[in-house]
Amino acid sequence: MVRTALASIVAIVVAGASLASGLLTGSGIITYHDYQSLPPELVVNNPPSCGMPYAHLDVTRITAVQTMNKATDCGQCVRVSNANNPSKFVYVLAVDTGGRGLDLSKPSFGQLFNIDDGVGPAQWEPVSNSNCVGIWKDAPSPPPVVQPPPPPPPPVVQPPPPPPPPPAVKPPPVVPPPPARPTTISTPPVRPPMPTPPSPPAVVPPPPPPLLPVPPVAPGSSSRSSTSPTTLLTLRSSTNPVEGGLPPLSSGGSSAASQGSSTGSGSDEHYPGGI
């Protein structure tokens, strides 16, 4: 019968280990209970409200909780600290119901406060049961907790590949501008000035022939020309004897000329100088 009760207690502890009631977390004035002074008949026949016998418990490290949910809080490890000095703390096992907030075992209370005070300000919270190993002596090992397999990871959805980049547009080749041609102003060759043709030699007219003396006319001569000697001399001097084809005039007047032509002798006896 004891084995059955212990098995049920273990089942309760295992089931409620991860579902600790919010009543195991709090703060306030706590008291203590002298579990070590219990009479032997109570130790054997009057177990705490969680059902495990006092003989299987380290009564120096247990506590009663004022309002405890036995379905979830039995066998839960609790960390209790001095509210005025948090560096002082103890780990106790929740096994009973009662007290004022908490009802610590007397030795654990003495680690936090003065025993003579009987009360003290405290803070408490549930912690891992590994901190309370050894408090429940000869406790049957709880069945191993089978962890559910982890859920399969979600399929990795590969993002679609990015679209290929647009083809590179090659810029048109840069055609260098043709080299600038030097601006050449064509200048016609400078022709040398045409030589001035030499002036023709001045034609000097031949000097006029000297005036020949006019012989006196014989008085009473009527056969001579009526032309005066002065007129004849003028005509002769103004006419080239060669170009005009005129025979030279004699100083004897027209009479001598006509006489020569009539006789046909062609004598130039009348021309002084033998022209």
Can a donor-acceptor pair be found, under 3.5 Å and without considering hydrogens, that links the side chain of T31 to the backbone of G118?
no
Quick check: closest heavy atoms across [X] and [Y], and the distance to 0.1 Å?
| X | Y | result |
| --- | --- | --- |
| C50 | A94 | SG-O, 4.2 Å |
| Q111 | K88 | O-CD, 4.0 Å |
| G51 | P47 | O-CB, 3.9 Å |
| R61 | Y91 | NE-O, 3.9 Å |

Drop me the distance from [X]'s [atom1] to [Y]'s [atom2], to the nearest 0.5 angstrom.
| X | Y | atom1 | atom2 | result |
| --- | --- | --- | --- | --- |
| W124 | T63 | CH2 | OG1 | 9.0 Å |
| T60 | K106 | OG1 | NZ | 13.0 Å |
| C132 | Q76 | SG | CD | 8.0 Å |
| L104 | H33 | CG | NE2 | 12.0 Å |
| D73 | M68 | CG | CE | 6.5 Å |
| S105 | D96 | OG | CG | 12.0 Å |

Exactly one candidate in L24, L93, V127 meets side chain to side chain contact (heavy atoms under 4.5 Å, CB included) with V78; the answer is L24
Assign the ring pair F109 / F113 to parallel, tilted or perpendicular, where the plane angle (0 to 90°) is split at 30° and 60°.
tilted
Quick one: side-chain contact (heavy atoms from CB on, under 4.5 Å) partners of N114, sequence neighbours excluded?
D116, D117
Quick check: is [Y] connected to [X] through a chain of hydrophobic side chains (ILVMFWY, heavy atoms under 4.5 Å apart)?
| X | Y | value |
| --- | --- | --- |
| L57 | L38 | yes |
| V92 | V133 | no |
| I115 | V80 | yes |

Contact between T97 and T67 at the side-chain level, heavy atoms closer than 4.5 Å - yes or no?
no
